[in-house]
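Below: the structure, in structure tokens.
The structure presented is a predicted model; accordingly, all values stated were derived computationally and were not measured. Chain A is the first sequence line, chain B the second, and so forth, proteins listed ahead of strands; every chain is numbered from 1.
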Protein chains: 2
Amino acid sequence: MALSSRAQAFSVEALVGRTSKRKRQDPRKEAPPELQEKEDGKEEERSGATGKKSEQPSETLEEKDAIQVELQGSELWKRFHAIGTEMIITKAGRRMFPSVRVKVKGLDPGKQYYVIMDVVPVDSKRYRYVYHSSQWMVAGNTDHSCITPRLYVHPDSPCSGEAWMRQIISFDRVKLTNNEMDDKDQIILQSMHKYKPRVHVMEQDSRASLSWIQSLPTEGVKTFSFEETEFTTVTAYQNQQITKLKIDRNPFAKGFRDPGRNK
Amino acid sequence: MALSSRAQAFSVEALVGRTSKRKRQDPRKEAPPELQEKEDGKEEERSGATGKKSEQPSETLEEKDAIQVELQGSELWKRFHAIGTEMIITKAGRRMFPSVRVKVKGLDPGKQYYVIMDVVPVDSKRYRYVYHSSQWMVAGNTDHSCITPRLYVHPDSPCSGEAWMRQIISFDRVKLTNNEMDDKDQIILQSMHKYKPRVHVMEQDSRASLSWIQSLPTEGVKTFSFEETEFTTVTAYQNQQITKLKIDRNPFAKGFRDPGRNK
DNA sequence: CCATTCCCACCTAGGTGCGAACAT
DNA sequence: ATGTTCGCACCTAGGTGGGAATGG
């Protein structure tokens with residue numbers, strides 16, 4: 001289990017700040033525990049958390065592009081990305097680790113917005129993992145073009161720009177599944193494919209009573225994604241370095257951390 | 001621990017139905033487990049779950065009073081009420097058991113509504129429990145008039161009438177506290193006083209951007225309450241019959257049920 | 001051979017009443 | 001005497017990866 005040793009890291013907590021006070025009595029979670037991992041505090045590197053605008057540069061006139069979305073926990077994502085992030089998908093649905101968490105800036109404090117996440121294919125390839133070379137190889141083609149990705153509307157939606165900007169927006173409850181018949185509105189993906197999560201910010205539209213959203217409108221939506229959040233879907237981890245890093249960092253996997261494991 | 005033995009009951013489950021399918025991917029809970037208790041099925045008594053309109057009969061003209069709110073789990077509430085319901089309040093906040101759960105009818109499916117709960121004093125008396133007579137006695141007076149009760153806005157708010165009517169609306173995450181300095185937006189009550197929960201249905205108001213609500217508007221709100229949900233606040237249970245019924249019915253207290261308790 | 005599924009021990013997270021200690 | 005607080009054991013609820021079993 002040889003493992004690149006530039007595995008020093010920064011104080012994620014310091015970079016992130018905290019939603020120190022609950023917004024209201026809403027009992028939904030925030031600030032997932034992965035942030036609570038202590039690391040050797042080095043220094044504050046506020047680098048690659050730069051969102052790049054969506055592929056379709058729609059409407060460059062009407063709105064000035066003030067909206068910014070910044071990935072939180074980017075350092076951890078990059079640790080995974082450097083190895084080759086894998087996400088398990090199951091029939092019942094599996095959370096992502098790390099989860100997508102962002103900070104948004106440049107909203108109109110008074111307006112209402114939806115914040116939405118989806119996951120889109122990176123390419124049309126199917127992959128397989130070659131153990132002896134510890135590498136992912138192309139193993140075939142897939143046509144994703146006929147399926148529209150499901151949308152995960154952040155449960156706080158709709159919400160004022162002010163409130164969105166005050167908190168860290170966490171998508172830690174999102175679940176990925178390989179069950180195409182899923183009826184729990186989880187995000188459906190194919191195993192052994194590469195994907196990347198996207199975050200959409202959409203002003204509340206009073207025209208349509210879009211109390212439930214099945215697909216994104218073609219305009220008035222700002223879309224962001226982040227290189228380091230790309231991942232390959234699996235039903236069981238392929239790269240043991242990924243397994244190790246997951247166990248190290250995901251509090252729910254603490255039971256698999258080394259010391260006194262019996263059995 | 002002598003205890004009245006007319007503790008037979010009805011099939012709560014049959015009366016209630018179920019939200020059999022999740023609304024969407026929203027991971028918030030519904031259908032709390034208290035409903036899953038099996039009981040000797042007797043028969044369906046659909047009696048006292050009648051909401052009575054608010055004290056101020058505002059605007060009898062504009063809207064026809066179609067909105068109805070029906071208490072769910074009324075049988076269990078009545079079991080407690082017959083003994084004298086007690087609710088524990090703590091500094092950290094304590095859930096109610098039973099919790100307030102309602103079904104709403106008569107909304108306009110297309111309109112957006114807030115559904116809100118609060119808890120108001122039943123009288124201005126302080127009470128004490130007299131053990132040897134197993135009774136609550138008046139022990140003094142309190143002036144509640146200077147404090148406005150906190151509102152618990154149901155986390156699904158705002159939401160379409162259609163969606164509200166399709167589900168059972170559960171307030172099981174509401175927490176009661178005796179900490180007047182509470183900063184977690186829990187419901188603040190005084191111990192040893194009698195209270196009753198109320199449910200408010202309010203059409204979304206586009207005038208004010210009431211993204212957050214501190215107090216109810218004086219009109220356009222329908223208010224409902226239910227005799228059997230009245231309770232006395234305590235910091236430790238007074239009546240042992242209440243303790244027993246709580247332990248019997250609240251899944252989280254299962255550890256205190258009789259059989260093989262060691263210690 | 002490769003990928004998926006299922007059950008499991010082991011965690012996190014948090015809701016119970018108990019009973020001793022504390023406060024008034 | 002009466003009311004409150006705190007730590008605790010014991011639950012519910014559900015998120016981990018392991019490893020055996022299953023399936024192409």
Side-chain angles (χ1 to χ4, degrees), chain A residues 27-29 31-34 36 86-97 99 126-131 137 139-140 172-179 190-193 233-238 240 242-257 259-263, chain B residues 27-29 31-34 36-37 86-97 99 126-131 137 139-140 172-179 190-193 233-238 240 242-257 260-263:
Chain A
R28 283 166 275 167
K29 304 296 191 320
E34 74 209 51
Q36 296 166 14
E86 302 175 19
M87 293 289 174
I88 287 189
I89 57 180
T90 66
K91 229 165 84 181
R94 197 78 151 190
R95 287 190 180 178
M96 294 172 61
F97 187 89
S99 58
R126 162 178 284 271
Y127 290 85
R128 57 185 288 264
Y129 185 74
V130 184
Y131 285 87
M137 310 282 288
D172 56 339
R173 309 282 255 259
V174 170
K175 284 190 177 178
L176 311 182
T177 184
N178 57 349
N179 179 11
Q190 292 183 32
S191 189
M192 300 294 162
H193 287 73
T233 47
V234 296
T235 56
Y237 291 128
Q238 306 294 306
Q240 293 183 336
I242 289 294
T243 310
K244 185 173 183 313
L245 194 47
K246 296 250 184 181
I247 289 174
D248 264 11
R249 301 307 204 83
N250 188 335
F252 288 109
K254 188 178 276 184
F256 296 99
R257 290 179 194 166
R261 287 217 63 210
N262 40 350
K263 211 167 222 186
Chain B
R28 283 167 273 167
K29 305 294 193 319
E34 73 211 49
Q36 297 165 13
E37 304 297 332
E86 302 174 19
M87 293 288 174
I88 287 189
I89 58 182
T90 68
K91 228 164 82 181
R94 197 78 152 188
R95 287 188 179 179
M96 295 173 61
F97 186 89
S99 58
R126 160 176 286 271
Y127 290 85
R128 57 186 288 264
Y129 186 74
V130 183
Y131 286 85
M137 310 283 287
D172 56 339
R173 309 282 255 258
V174 171
K175 285 190 176 179
L176 313 181
T177 183
N178 57 350
N179 180 11
Q190 291 183 33
S191 188
M192 299 293 166
H193 288 72
T233 46
V234 296
T235 56
Y237 291 127
Q238 305 294 306
Q240 294 182 335
I242 289 294
T243 309
K244 184 168 185 316
L245 194 48
K246 295 249 184 182
I247 289 173
D248 264 11
R249 302 309 203 81
N250 188 335
F252 289 109
K254 187 179 278 184
F256 297 99
R257 290 178 194 167
R261 286 217 64 210
N262 42 348
K263 210 163 219 184

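- The CD1-C1' distance, from B:Ile247 to D:dC10, rounds to 12 Å in whole Å.
- A distance-only check finds no donor-acceptor pair linking the side chain of A:Thr177 to the backbone of A:Ala92 [under 3.5 Å].
- The separation between B:Met137 atom CE and D:dA1 atom P is 18 Å, rounded to whole Å.
- Under the 3.5 Å distance criterion, the side-chain polar atoms of B:Thr233 are matched with a main-chain donor or acceptor of B:His193.
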Using a cut-off of under 3.5 Å, enumerate the N/O to N/O pairs linking the protein to nucleotides 21-24 of chain C.
none

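- Between atom CZ of residue A:Arg173 and atom CE of residue A:Met96 there is a gap of 15.5 Å, rounded to the nearest 0.5 Å.
- Rounded to an integer number of Å, the gap from A:Arg249 CZ to D:dG17 C1' is 17 Å.
- With the nearest nucleotide of DNA chain D identified for both A:Thr243 and A:Gly93, A:Gly93 has the one nearer the 5' end.
- One finds the CD1 atom of A:Ile89 at 7.5 Å from the CG atom of A:Leu176 (value rounded to the nearest 0.5 Å).
- Atom-to-atom distance recorded for A:Met87:CE and A:Ser99:OG is 8.5 Å, nearest 0.5 angstrom.
- Not one side-chain nitrogen or oxygen of A:Arg257 sits closer than 4.0 Å to the OP1 or OP2 atom of C:dC11.
- Between the CZ atom of B:Arg94 and the CD1 atom of B:Ile88 there is a distance of 5.0 Å, given to the nearest 0.5 Å.
- The A:Lys254 side chain lies nearest to C:dT12 when the options are D:dT12, C:dT12, C:dG17.
- To the nearest 0.5 Å, atoms CD (B:Gln240) and CG (B:Leu245) are separated by 13.5 Å.
- What separates CD1 of B:Ile88 from C1' of C:dC18 is a distance of 10 Å, to the nearest Å.
- Here B:Lys91 pairs with B:Asn178, B:Asn179 under the side-chain contact (heavy atoms from CB on, under 4.5 Å) rule; sequence neighbours left out.
- Taking atom OH of residue A:Tyr237 and atom P of nucleotide D:dG17, one finds them 3 Å apart after rounding to whole Å.
- Spacing between atom CG of B:Asp172 and atom P of C:dG14 amounts to 15 Å, rounded to whole angstrom units.
- Residues forming a side-chain contact (heavy atoms from CB on, under 4.5 Å) with A:Lys175 (at least two apart in sequence, or on another chain): A:Arg95, A:Gln186.
- Counting to the nearest Å, the C1' atom of C:dT12 and the CZ atom of A:Phe252 are 5 Å from each other.
- An angle of 10°, rounded to 10°, separates the two end axes of the helix from C:dC1-D:dG24 to C:dT24-D:dA1, each defined over five pairs.
- On a pure distance criterion of 3.5 Å, no polar donor-acceptor pair joins the side chain of B:Arg173 and the base of C:dG15.
- In this structure, CG of B:Leu245 is placed 14 Å from C1' of C:dG17, rounded to the nearest angstrom.
- For A:Glu86, the side chain to side chain donor-acceptor pair (under 3.5 Å) criterion is met by no residue, not counting sequence neighbours.
- The OH atom of A:Tyr129 lies 12.0 Å from the CE atom of A:Met137; values are rounded to the nearest 0.5 Å.
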Taking it one step at a time, do B:Lys244 and B:Asp248 satisfy side chain to side chain contact (heavy atoms under 4.5 Å, CB included)? CA-CA 6 Å; B:Lys244 184 168 185 316; B:Asp248 264 11; 3.5 Å; yes

Find every protein N or O atom lying less than 3.5 Å from an N or O atom of nucleotides 1-5 of chain C, and list the pairs.
from, atom 1, to, atom 2, distance (Å)
C:dC2, OP1, A:Arg128, NH2, 3.2
C:dT4, OP1, A:Ser191, OG, 3.4
C:dT4, OP2, A:Ser191, OG, 2.9
C:dT4, OP2, A:Thr235, OG1, 2.7
C:dT4, O5', A:Thr235, OG1, 3.4
C:dT5, OP2, A:Asn178, ND2, 2.8

